[in-house]
Amino acid sequence: MTQPSETLLELSGVCKHFGGLAALSAVSLHIKRGEIYGLIGPNGAGKTTLFNVITGLYQLDEGTFSFDANSYACCKPHLLAQAGIARTFQNIRLFANMTALENVMVGRHVRTHSGIWGALTHNRATCAEERAIAGRAHELLRYVGIHRPSNTLAKNLSYGEQRRLEIARALATEPKLLALDEPVAGMNATETESLKALLQSIRNDGVTVLLIEHDVKLIMGLCDRVAVLDYGKKIAEGKPEDVRRDPAVIAAYLGGEA
Amino acid sequence: MKFNHQSKPMLAAFAAALLVLPFIIDSLLGHGWVRIADFALLYIMLALGLNIVVGYAGLLDLGYIAFFAVGAYTYALLGSPQFGLHWPIWAVLPLGALLACFFGVLLGAPTLRLRGDYLAIVTLGFGEIIRIFMNNLNAPVNITNGPQGISSIDPLSMGGFSFSKTHELFGVDFTAVHLHYYLFLGFTLLVIFVSLRLQHSRIGRAWMAIREDEVAANAMGINTRNIKLLAFAMGATFGGISGGLFAGFQGFVSPESFSLMESVMILCMVVLGGMGNIAGVVLGGVLLVILPEAFRHGAGPLQQALFGKIVVDPESLRMLMFGLALILVMLWRPAGLWPSTQRRRELMPDETVAQQEQDTVYDAAK
Ligand SMILES: Nc1ncnc2c1ncn2[C@@H]1O[C@H](COP(=O)(O)OP(=O)(O)OP(=O)(O)O)[C@@H](O)[C@H]1O
Ligand SMILES: [Mg+2]
């Protein structure tokens, strides 16, 4: 057996245009297994677009990306989820009228198999699978720190809980790469701190994390490496403290805030 | 699942009530109303089928009656003097269901990329196409008899037992409408069972996820195209079965029975009753079959008594009242008369939760 390569996700020369706007131009980066990789940049820099490309919601115009040693040029979202990329959304996209538990159970869909026949006959395999799905979903709810009754509707959860629920749902798909789009946006300091702890424990469980965040303190404290996007171009990459001192980055991004 | 142990006696009482219902209706309201009850059961089956497509998967289908037509014509063509074929029910009904399922996939495959209004328009067109086909398939080769329809269709019978003849059992006369009631009740219960099982399954959750947020569902690994096709196919199958039973019961089919208005009626049953909730859909089906009939029987005599003559034609008054009822229900009970528990909760959001949510947002803003 060959050793799995150290690189989990690799983008080379990825371009994505919207009309005349180059949302991503020739972006290349690679993410190693087991690291927390930060993606930062000013508003409209193309961070979310990059997420949409690697999760199959947008088809890229040029370049390729490979995940887990397979190359994908244009691929359906569900196949990438199956391959092991799970994500959360910048503007929370939960199944609002389903319960918290059901939301996470939907995440198990891609790793389970029972179909119509099993549903109708309730055969032994299906019953066992249903129990396993519910059990795992309960576990994940506790893991991300949602202690409400599990039949609370997703839309009735607090804002912070909804963000956590999205993470639980993504984790339910057993991802190799967890891509989080601004997970602490709109959270207060305590909530941010506990989310940081959660992300660290997710990484310790062996899941690679790709993180978009505007909260500089969080990025500095959490990420192993950071890439900076500006107007669709990667302008810097490296250790957080190095990137922070990069003049190009200061000009583009940190300069405005620091 | 839904019924726990305490509700067992209740369930038994309910079952008994369902069994004696046709006799109660017969003695109180007359024979004609048992026939109406039979039709109500057929419509409930249709509404439950559409509920899978609209209520669970959230796909607006305005041409659902087409699958009913496919089932009905399959039965009519294979069990009538039209071609001299008289296939048995156990062959024709499943075949009709299968064909309807096939048409469901045929319609679904190219259209399921469309969303919302666009899907509604395409399905509406499909429904009309099927009806017009049935209307025009009498030349150059006569297949469907065109607008005249197919008559003298074989009555429903199973292994020598005919549902269209009066049978005496335990000293009680079971007439054709009674027997059909039991047959249709059996099928309706089967459809309810299938719906319930599907609702609480992996597939059912996937349907609801697609209804809630298709993009997120896709990103979570659900093959949205296949799962939506499955919803279309399941809904169409129910429609096909119901259509076959309809043809055998009525003894006559013509394209007229499959107009757009019928599709709209079935959609109304689902929406008025309570989308996604089986009990609500059943209620919607019962109400929308019974009320217009009651109106038809009641409006004329009532006007005679009040004004001494017929002021408004009961038929047009019926549609007027129907529209009015629809508007009122949508105003006061937007989630339907009997919404699913989830929808009900959605209408009455937990005060404390809402408050808490506000606090969080406030904290974040600070
Ligand atoms: N579907 C689309 N159609 C047209 N333009 C788009 C689309 N999606 C993104 N864009 C444009 O691409 C650019 C990058 O957007 P993107 O959402 O990736 O930015 P971002 O880095 O995530 O910003 P933010 O920090 O505000 O979330 C923006 O100018 C945006 O308007
Ligand atoms: Mg963004």
Side-chain angles (χ1 to χ4, degrees), chain A residues 52 55-57 76-82 85-87 89 93-99 102-103 105-116 118-122 126 129-130 133 148 151-162 166 169-170 172-173 185-191, chain B residues 1 58 190 193-227 230 233-234 237 276 335 340-346 348-366:
Chain A
N52 288 341
T55 53
L57 295 183
K76 294 268 160 48
H78 62 268
L79 295 177
L80 285 161
Q82 181 136 39
I85 304 182
R87 68 172 294 178
F89 294 87
R93 300 188 80 144
L94 285 167
F95 308 124
N97 296 312
M98 295 170 79
T99 66
E102 282 170 334
N103 266 272
M105 287 170 84
V106 169
R108 295 297 301 152
H109 183 95
V110 68
R111 303 289 171 220
T112 47
H113 309 284
S114 60
I116 295 274
L120 295 186
T121 55
H122 269 196
T126 307
E129 190 179 89
E130 275 295 299
I133 292 173
R148 297 276 196 111
N151 66 353
T152 313
L153 289 193
K155 62 194 250 180
N156 291 341
L157 293 174
S158 77
Y159 188 75
E161 284 169 325
Q162 292 192 7
E166 261 206 324
R169 184 180 67 179
T173 67
M187 285 190 178
N188 61 30
T190 10
E191 284 175 315
Chain B
M1 201 186 305
L190 184 73
F193 173 80
V194 171
S195 293
L196 264 176
R197 280 273 163 106
L198 286 178
Q199 187 181 348
H200 299 279
S201 72
R202 171 172 172 266
I203 303 291
R205 278 193 302 274
W207 282 335
M208 284 169 229
I210 289 172
R211 180 189 73 200
E212 294 297 317
D213 189 330
E214 193 174 335
V215 171
N218 199 196
M220 286 307 123
I222 293 173
N223 185 340
T224 46
R225 201 185 61 113
N226 287 2
I227 295 285
L230 201 57
M234 285 306 296
T237 307
S340 63
T341 35
Q342 284 187 13
R343 296 247 167 175
R344 204 158 43 227
R345 265 183 285 173
E346 177 186 331
M348 292 176 265
D350 193 339
E351 292 287 301
T352 52
V353 172
Q355 188 56 46
Q356 216 168 329
E357 224 162 304
Q358 261 176 2
D359 291 347
T360 321
V361 172
Y362 178 70
D363 281 349
K366 267 194 294 192

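The sequence lines fix the lettering, A, B, ..., with proteins before strands; numbering per chain opens at 1.
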Row check, A:F89 ring normal vs A:R87 NZ/CZ: under 6.0 Å, within 45°:
yes
Sub-4.5 Å side-chain heavy-atom contact between A:V110 and B:M220
no
Tell me, for A:T121 versus chain B, whether the close heavy atoms (under 4.5 Å) come from the side chain, the backbone, both or neither.
backbone
Chain B contacts, top residue of A:R111, A:R108, A:M105 (heavy-atom pairs, under 4.5 Å):
A:M105
Need one label for A:T173: side chain, backbone, both or neither, based on atoms under 4.5 Å from any heavy atom in chain B.
side chain
I'd like to know if A:E161 pairs up with A:R148 as an ion pair, taking the criterion as any Lys NZ or Arg NE/NH1/NH2 lying under 4.0 Å from an Asp or Glu carboxylate oxygen.
yes
Interchain contact, A:A96 with chain B, by part (heavy-atom threshold 4.5 Å)
both
Engaged part of B:I222 at the chain A interface, taking heavy atoms whose separation is under 4.5 Å:
both
Shorter than 4.5 Å, heavy atoms on both sides: which option in A:A81, A:A119, A:G107 has the most such pairs with chain B?
A:A119
Does the side chain of B:V215 reach to within under 4.5 Å of the side chain of A:R93, using non-hydrogen atoms?
yes
Pick one of side chain, backbone, both or neither for A:E130, based on which atoms fall under 4.5 Å of a heavy atom in chain B.
side chain
Could you tell me which portion of A:L57 (side chain, backbone, both or neither) has an atom closer than 4.5 angstrom to a non-hydrogen atom of chain B?
side chain
Quick one: does B:W207's side chain get under 4.5 Å of B:E212's, heavy atoms only?
no
Any side-chain heavy-atom pair of B:R205 and A:I133 under 4.5 Å
yes
Would you mind checking which part of A:E166 comes under 4.5 Å of any heavy atom in chain B, side chain (CB onward), backbone (N, CA, C, O), both or neither?
neither
Which answer fits B:L230, side chain, backbone, both or neither, if we ask what part of it has an atom under 4.5 Å from a heavy atom of chain A?
side chain
Test side-chain contact (heavy atoms from CB on, under 4.5 Å) on B:I203 and B:I227; report intermediate values, then the result.
CA-CA 7 Å; B:I203 303 291; B:I227 295 285; 4.2 Å; yes
